[in-house]
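Okay, so here's the structure we're looking at.
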Amino acid sequence: MNGSCFCGAVSYVVTGSPILRAFCHCTNCQRLSGCPFVHTIHFTSTAFHWAHPEPHEERLDAYVIPTKPWKTRFRCKQCGACVMSANSKAGKCSVWGAHLGRDNAGKIVDWKTVRPTAHIFYGTRMLDVSDDLGKWEGYEGESNRLARCSPSIAVPLNRVSSNCSSILRSRGDHSHPYPAQPFPTPRLSQDLTRTAEAPHVPWTLHR
């Protein structure tokens with residue numbers, strides 16, 4: 001699977017099957033993305049490869065969360081989009097579903113492989129979501145499963161999707177502003193171990 005930042009300057013390839021695929025409601029994802037929740041997909045570190053031209057670090061900024069020094073988040077220097085998080089303690093990496101390659105209809109390629117199976121860290125949600133996916137306090141299968149939320153205050157995902165589509169149509173925005181481009185196949189040496197060379201330049205977070 002291919003993925004990239006918003007402007008396309010940073011790109012990557014992930015191989016194999018995900019370890020985890022879920023909607024994450026943790027406060028870190030909320031604050032780093034500015035969204036109520038994100039579609040996170042976890043892979044082993046060796047499954048991730050940078051695909052943009054070398055030296056890879058020239059196009060990347062890196063930020064380490066002070067409370068989690070083992071996690072490094074990488075973003076594009078040009079458009080600022082966060083494209084990957086590396087967890088050195090667990091030997092895993094995560095990407096966000098919205099950055100994956102799209103087909104001509106704007107749909108994520110190979111959606112069945114990355115389709116979320118649960119809502120995680122749902123205890124810190126900003127809104128309730130009415131769907132059939134399990135809701136978990138932490139990671140799926142590793143924490144307490146929460147009871148279904150009240151239908152009277154829940155927001156169906158299909159309604160959210162429909163509203164977003166209506167807004168885009170009203171603006172004449174029918175597709176991603178940067179069409180999907182084929183990514184070069186990375187050499188096997190272009191794996192996650194190279195991210196250690198990227199400069200750890202903290203982002204400035206304005207409160």
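Counting begins at 1 with the first residue of the sequence. Given the structure is predicted, the values throughout are model-derived calculations rather than measurements.
Looking at heavy atoms from C-beta onward, Thr113 lies in side-chain contact with Met1 at the 4.5 angstrom threshold. Using a 4.5 Å heavy-atom threshold, the side chains of Ile120 and Leu20 count as touching. Taking 4.5 Å as the limit, every side-chain heavy atom of Trp96 sits out of range of all side-chain heavy atoms of Met84. Between Val109 and Arg102, the closest side-chain pair of non-hydrogen atoms is not below 4.5 Å. The shortest side-chain heavy-atom distance between Thr40 and Phe23 does not fall under the 4.5 Å cut-off. Side-chain contact between Ser85 and Cys93: absent, with no pair of heavy atoms (C-beta onward) separated by less than 4.5 Å. The closest side-chain heavy-atom distance from Val129 to Phe37 is below 4.5 Å. Using a 4.5 Å heavy-atom cutoff, the side chains of His25 and Met126 are not in contact.
A donor-acceptor pair under 3.5 Å links the side-chain atoms of Ser143 to the main chain of Gly138, judged by distance alone. Judged by distance alone, the side chain of Asp103 and the main-chain N or O of Lys107 form a donor-acceptor pair under 3.5 Å. Between the Lys135 side chain and the Leu133 main chain, a donor and an acceptor come within less than 3.5 Å of each other. The closest donor-acceptor contact from the side chain of Ser45 to the backbone of Gly91 lies under 3.5 Å. Judged by distance alone, the side chain of Arg21 and the main-chain N or O of Val114 form no donor-acceptor pair under 3.5 Å.
The OG1 atom of Thr117 sits 3.5 Å away from the CD atom of Glu140 when rounded to the nearest 0.5 Å. Note: Ile65 CD1 to Thr72 OG1 = 9.5 Å, rounded to the nearest 0.5 Å. Rounded to the nearest 0.5 angstrom, Arg115 CZ and Ile41 CD1 are separated by 13.0 Å.
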Exercise. Run the numbers on Tyr139 and Phe121 for ring-ring contact (aromatic ring centres under 6.0 Å, His included), then give the verdict.
Key: CA-CA 7 Å; Tyr139 287 110; Phe121 297 96; 5.1 Å; yes
Quiz item: Do Val64 and Lys71 pass the side-chain contact (heavy atoms from CB on, under 4.5 Å) test, and can you show the C-alpha distance, the side-chain angles, and the key distance before you say yes or no?
Solution: CA-CA 6 Å; Val64 178; Lys71 296 192 74 173; over 6 Å; no
Quiz prompt | CA sep, side-chain torsions, deciding dist, call: Lys77, Leu60, side-chain contact (heavy atoms from CB on, under 4.5 Å) | solution = CA-CA 5 Å; Lys77 285 183 178 180; Leu60 295 165; 5.6 Å; no
Quiz item: Checking side chain to side chain donor-acceptor pair (under 3.5 Å) for the pair Asp131/His119: CA distance, chi angles, key distance, verdict?
Solution: CA-CA 10 Å; Asp131 61 18; His119 289 268; 2.7 Å; yes
Exercise. Determine, step by step, whether His52 and Arg59 satisfy the side-chain contact (heavy atoms from CB on, under 4.5 Å) criterion, reporting the C-alpha distance in whole Å, the side-chain angles of both residues, the deciding distance to 0.1 Å, and the verdict.
Key: CA-CA 9 Å; His52 57 271; Arg59 302 189 182 193; 3.8 Å; yes
Practice problem: Show the numbers, then the answer: is there a side-chain contact (heavy atoms from CB on, under 4.5 Å) between Leu146 and Trp136? | Solution: CA-CA 6 Å; Leu146 304 175; Trp136 301 82; over 6 Å; no
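Aromatic ring pairs are classed by plane angle as parallel below 30°, tilted from 30° to 60° and perpendicular above 60°; the pair His56 and Trp50 is tilted.
Cluster membership for Val10 and Leu100, using ILVMFWY side-chain heavy atoms within less than 4.5 angstrom, is shared.
Shortest non-hydrogen contact noted between Gln78 and Cys7 is NE2-SG, 3.4 Å. Annotation for Gly134 and Arg145: closest pair CA-NH2, 3.4 Å, computed over non-hydrogen atoms. Between Asp128 and Tyr122 the shortest heavy-atom distance is CA-OH, 3.3 Å. The two residues Gln30 and Thr124 make their nearest non-hydrogen contact at NE2-O, 2.9 Å. When all heavy atoms are compared, the tightest approach of Ser94 to His42 is CB-CD2, 3.3 Å. Nearest heavy-atom pair across His99 and Ala81 is NE2-CB, 4.3 Å.
Residue Val83 is tested with Ser4, Cys5, Ser11 for a side chain to side chain contact (heavy atoms under 4.5 Å, CB included); the sole match is Cys5.
Annotation: Trp111 is in aromatic contact with His39 [ring centroid separation under 6.0 Å]. Phe43 has its ring centre no less than 6.0 Å from the ring centre of Phe48.
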